[in-house]
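Worksheet: one structure, shown below.
Note that ligands are numbered from 1 as they come in the structure, with each ligand's atoms numbered from 1 the same way.
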Amino acid sequence: MKRVLVTGGAGFIGSHLCERLLSEGCDVLCVDNYFTGSKDNVRHLLDNHYFEVVRHDVTMPYYAEVDEIYNLACPASPIHYQYDPIQTMKVSMYGSMNMLGLAKRTKAKILQASTSEVYGDPVVHPQVESYWGNVNPIGIRSCYDEGKRAAETLFMDYYRQNGVKIKIIRIFNTYGPRMSKNDGRVVSNFIVQALKGEDITIYGDGSQTRSFQYVDDLVEGMVRMMNTGDDFIGPVNIGNPGEFTMLELAEKIIELTHSQSRLVFMPLPKDDPRQRKPDITLAKEKLDWEPKVKLEEGLKRTIQYFEQIL
Ligand code: NAD
Ligand code: UDP
């Protein structure tokens with residue numbers, strides 16, 4: 001039986017990944033300090049004898065005998081990662097080092113949940129893996145962007161220096177059930193506002209773009225990446241190339257929720273990227289992967305979830 005460690009397993013993406021790994025017959029160890037995740041996200045898995053949860057902060061060393069590690073621990077929404085930027089940087093640096101050290105000792109394969117944020121405010125569009133990005137090193141998003149970039153460096157150096165079996169994926173904006181309702185991310189914000197009949201907050205003029213992937217598509221890509229041979233380490237983009245402005249997203253959500261909410265315009269946060277869209281040629285070629293869930297379908301499932309919890 002494959003023993004799999006998922007850091008950040010009680011978070012939005014991590015909980016879906018744990019569910020998937022259990023369904024494949026893995027023995028899953030979820031390590032989380034509940035900073036942005038929640039026990040509620042994994043409560044339904046606790047009856048499974050092959051699922052364990054450990055409360056632990058990954059900036060401290062952790063030891064367990066495992067075969068694979070998915071390293072997801074890190075606050076991911078701008079509100080959360082800017083709340084304690086020094087801790088955010090520590091999670092990416094010390095958290096990654098601790099997990100890479102564990103992978104080195106146990107000879108486990110380790111996958112890093114990196115991000116499209118490594119491209120910053122990109123001048124190459126769509127973003128290909130070979131693009132080095134356009135990142136402000138001293139801004140309010142830097143603790144996350146530069147933290148994730150440094151984590152990629154650590155992964156590459158553990159690979160080159162110690163032969164650790166690494167995998168790096170760059171995740172583009174992901175949404176779905178179990179997003180936290182107050183993490184400030186655009187999909188959860190708009191859906192909650194629309195369902196409550198509150199004003200929908202568009203930052204800037206709403207012409208900035210993002211590409212949204214449904215969480216099930218991401219989990220499929222993550223598992224496929226982990227299962228590739230040792231010769232493919234990435235980085236590889238995992239995202240949905242469908243590109244939408246925030247105005248288009250708001251209008252779609254108003255339509256699907258039949259909401260009476262109005263749009264209000266608020267200042268654009270500092271260093272907010274203008275555009276983002278993955279080039280997924282590499283994922284198609286190496287993982288035989290591409291997203292399946294269209295934005296409208298994924299939004300409907302997510303709206304259903306928020307209707308239940310609100
Ligand atoms: P999330 O906030 O729901 O999950 C992060 C999890 O990590 C939470 O359960 C949190 O409690 C845990 N955590 C944070 N600090 C920790 C620490 N020091 N020790 C142990 N656990 C800790 O966010 P998510 O959207 O599920 O993101 C998961 C991962 O995917 C993150 O690494 C994130 O950077 C990456 N990612 C997400 C997206 C996205 O759109 N959701 C995009 C790109 C990358
Ligand atoms: N955004 C918005 N209204 C909101 C929340 C976010 O217009 O209530 C915008 C935000 O400025 C950004 C985009 O939506 O341009 C995506 O924001 P999110 O925080 O979800 O992700 P990220 O900026 O990290 O891609």
Side-chain angles (χ1 to χ4, degrees), residues 6-18 30-39 41-42 53-60 62 70-82 84 87-88 90-92 94-96 98-99 111-119 121 141 144-145 147-148 151 169-176 178-180 183-193 198-215 218-219 222 237-239 244-247 249-250 263-276:
V6 180
T7 75
F12 155 53
I13 295 171
S15 62
H16 288 274
L17 178 64
C18 289
C30 163
V31 168
D32 203 298
N33 69 350
Y34 304 119
F35 174 52
T36 54
S38 142
K39 287 184 181 176
N41 286 340
V42 289
V53 193
V54 177
R55 183 197 294 262
H56 176 79
D57 180 334
V58 294
T59 62
M60 307 292 166
Y62 181 76
Y70 288 85
N71 190 36
L72 275 64
C74 185
S77 86
I79 291 183
H80 286 155
Y81 67 65
Q82 287 165 17
D84 185 349
Q87 172 68 9
T88 299
K90 280 188 183 169
V91 179
S92 277
Y94 300 156
S96 296
N98 288 330
M99 288 306 131
L111 179 144
Q112 168 66 353
S114 191
T115 168
S116 54
E117 292 281 328
V118 301
Y119 301 121
D121 192 5
R141 295 177 82 100
Y144 184 73
D145 301 7
K148 288 283 188 179
I169 59 167
R170 292 182 178 154
I171 304 170
F172 283 65
N173 296 61
T174 304
Y175 69 98
R178 295 193 215 122
M179 289 184 92
S180 147
D183 71 4
R185 284 190 268 199
V186 69
V187 174
S188 42
N189 262 14
F190 286 2
I191 292 180
V192 170
Q193 289 162 345
E198 293 170 355
D199 289 345
I200 296 209
T201 52
I202 308 272
Y203 300 162
D205 63 5
S207 64
Q208 70 272 34
T209 68
R210 293 292 185 276
S211 300
F212 299 102
Q213 83 179 318
Y214 189 66
V215 63
L218 166 62
V219 168
M222 288 179 119
N237 290 337
I238 303 287
F244 298 88
T245 66
M246 294 312 102
L247 274 177
L249 178 71
L263 305 185
V264 293
F265 292 85
M266 299 175 71
L268 190 67
K270 190 134 187 353
D271 293 340
D272 200 283
R274 286 291 316 151
Q275 54 181 2
R276 207 183 274 150

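Residue contacts with ligand 2, taken as heavy atom pairs separated by less than 4.0 Å, involve Arg141 solely via side-chain atoms from C-beta onward. At a heavy-atom distance under 4.0 Å, only backbone atoms of Ser114 (N, CA, C or O) approach ligand 1. By the criterion of a heavy-atom distance under 4.0 Å, the side chain of Asn173, and not its backbone, is placed next to ligand 2.
Among all non-hydrogen protein atoms, the one lying nearest atom 3 (N) of ligand 2 is Thr201 O, 2.6 Å. In this structure, the protein non-hydrogen atom closest to atom 15 (N) of ligand 1 is Asn33 OD1, 3.7 Å. For atom 30 (O) of ligand 1, the closest non-hydrogen atom on the protein side is Ile13 CD1, 3.8 Å. Of all protein heavy atoms, the one closest to atom 1 (N) of ligand 2 is Tyr203 CD1, 3.4 Å. Among all non-hydrogen protein atoms, the one lying nearest atom 27 (O) of ligand 1 is Ala76 CB, 3.7 Å. In this structure, the protein non-hydrogen atom closest to atom 9 (C) of ligand 2 is Gln208 NE2, 3.8 Å. Here the protein heavy atom with the shortest distance to atom 10 (C) of ligand 1 is Thr36 OG1, 3.2 Å. Ranking the protein heavy atoms by distance from atom 10 (C) of ligand 2 puts Asp272 OD2, 3.3 Å first. Scanning all protein heavy atoms for the shortest distance to atom 34 (O) of ligand 1 gives Tyr144 OH, 2.6 Å. What sits closest to atom 40 (O) of ligand 1 on the protein, heavy atoms only, is Thr174 N, 2.8 Å. With hydrogens left out, the protein atom closest to atom 19 (N) of ligand 1 is Val58 N, 2.9 Å, a heavy atom. Scanning the protein heavy atoms around atom 17 (O) of ligand 2, the nearest turns out to be Val186 CB, 4.0 Å.
For Asp32 against Gly9, the heavy-atom pair with the smallest separation is OD2-N, 3.4 Å. When every heavy atom of Asn71 is checked against every heavy atom of Ser96, the shortest pair comes out as ND2-OG, 3.6 Å.
Heavy-atom separations between Gly95 and ligand 1 are all 4.0 Å or longer. Proximity of Lys148 to ligand 1 is established by a heavy-atom distance of less than 4.0 Å. For the pair Gly184 and ligand 2, a heavy-atom separation below 4.0 Å is found. The closest approach between any non-hydrogen atom of Arg185 and ligand 1 is below 4.0 Å. The shortest heavy-atom distance from Tyr175 to ligand 1 is not under 4.0 Å. Put simply, no part of Gln193 is less than 4.0 Å from ligand 2, judged by heavy atoms. Contact analysis leaves Met179 out of contact with ligand 1, as no non-hydrogen atom separation drops below 4.0 angstrom. Between Pro78 and ligand 2 there is a heavy-atom distance shorter than 4.0 Å. Judged by the shortest distance from any of its heavy atoms, Asp32 lies inside the 4.0 Å radius around the atoms of ligand 1.
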**Item:** Derivation and outcome, side chain to side chain contact (heavy atoms under 4.5 Å, CB included), residues Arg185 and Asn173
**Value:** CA-CA 9 Å; Arg185 284 190 268 199; Asn173 296 61; over 6 Å; no
**Item:** Residues Val186, Phe212; criterion side chain to side chain contact (heavy atoms under 4.5 Å, CB included); working and verdict
**Value:** CA-CA 10 Å; Val186 69; Phe212 299 102; 3.7 Å; yes
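Applying the 4.0 Å criterion to heavy atoms of Asn173 picks out, from ligand 1, the atoms 40 (O). The contact set between ligand 2 and Met246, taken as ligand atoms under 4.0 Å from a residue heavy atom, comprises 13 (C), 14 (O). Counting the atoms of ligand 1 from 1 in the order shown, those under 4.0 Å from a heavy atom of His56 are 19 (N), 20 (C). Within ligand 1, the atoms closer than 4.0 Å to a non-hydrogen atom of Tyr34 are 11 (O), numbered from 1 in the order shown. Within ligand 1, the atoms closer than 4.0 Å to a non-hydrogen atom of Gly11 are 3 (O), 4 (O), 8 (C), 9 (O), numbered from 1 in the order shown. Residue Gln87 approaches ligand 1 through these ligand atoms, each under 4.0 Å from one of its heavy atoms: 18 (N). Atoms of ligand 1 lying under 4.0 Å from at least one heavy atom of Cys74, given by number and element, are 5 (C), 7 (O), 13 (N), 14 (C), 31 (C), 32 (O). Remark: ligand 2 atoms within the under-4.0 Å shell around heavy atoms of Ile202 are 7 (O). Residue contact check: Asn189 has heavy atoms under 4.0 Å from atoms 4 (C), 5 (C), 8 (O) of ligand 2. Close contacts between ligand 1 and Ala10 involve ligand atoms 9 (O) [criterion: under 4.0 Å to a heavy atom]. Against a heavy-atom cut-off of under 4.0 Å, Val91 is close to the following atoms of ligand 1: 18 (N).
No N or O atom of Ser38 sits closer than 3.5 Å to an N or O atom of ligand 1. For the pair Thr115 and ligand 1, the shortest N or O to N or O distance does not fall below 3.5 Å. For a threshold of 3.5 Å applied to N or O pairs, the pair formed by Ile171 and ligand 1 contains no separation below that value. No N or O atom of Gly14 sits closer than 3.5 Å to an N or O atom of ligand 1. At least one N or O atom of Asp57, backbone or side chain, sits closer than 3.5 Å to an N or O atom of ligand 1. Among the atoms of Pro75, none of the N or O lies under 3.5 angstrom from an N or O of ligand 1. Checked against a 3.5 angstrom limit, the closest N/O atoms of Leu72 and ligand 1 fall inside it. For ligand 1, none of its N or O atoms has an N or O atom of Val31 under 3.5 Å away. Among the atoms of Leu268, none of the N or O lies under 3.5 angstrom from an N or O of ligand 2. In terms of N/O distances under 3.5 Å, ligand 2 is not approached by Tyr81. An N or O contact shorter than 3.5 Å is missing between Ala73 and ligand 1 by distance.
Summarising the contacts of atom 3 (O) of ligand 1 with Tyr70, Phe212, Phe12, the nearest heavy atom is found in Phe12. Counting only non-hydrogen atoms, the option in Arg276, Glu117, Arg185 that gets closest to atom 25 (O) of ligand 2 is Arg276.
In this structure, CZ in Phe12 is found 13.5 Å from OG in Ser38, a value given to the nearest 0.5 Å.
Considering Arg170, Arg141, Lys148 as possible partners of Glu117, the one that fulfils the side chain to side chain contact (heavy atoms under 4.5 Å, CB included) test is Arg141.
Panel note: side chain Arg178, backbone Val42; no donor-acceptor pair is recorded below 3.5 Å. Judged by distance alone, with hydrogens and angles left aside, the side-chain atoms of Thr88 form a donor-acceptor pair with the main-chain N or O of Tyr81 at under 3.5 Å. Although no hydrogens or angles enter the test, the distance criterion places no donor-acceptor pair under 3.5 Å between the side chain of Ser188 and the main chain of Met179. Between the side chain of Thr245 and the backbone N or O of Gln208, no donor-acceptor pair lies under 3.5 Å. Remark: side-chain polar atoms of Thr7 are paired, donor with acceptor, to backbone N or O of Ala73 under 3.5 angstrom.
Taking the six-membered ring where the residue is Trp, His56 and Tyr62 present tilted rings, their angle falling between 30° and 60°.
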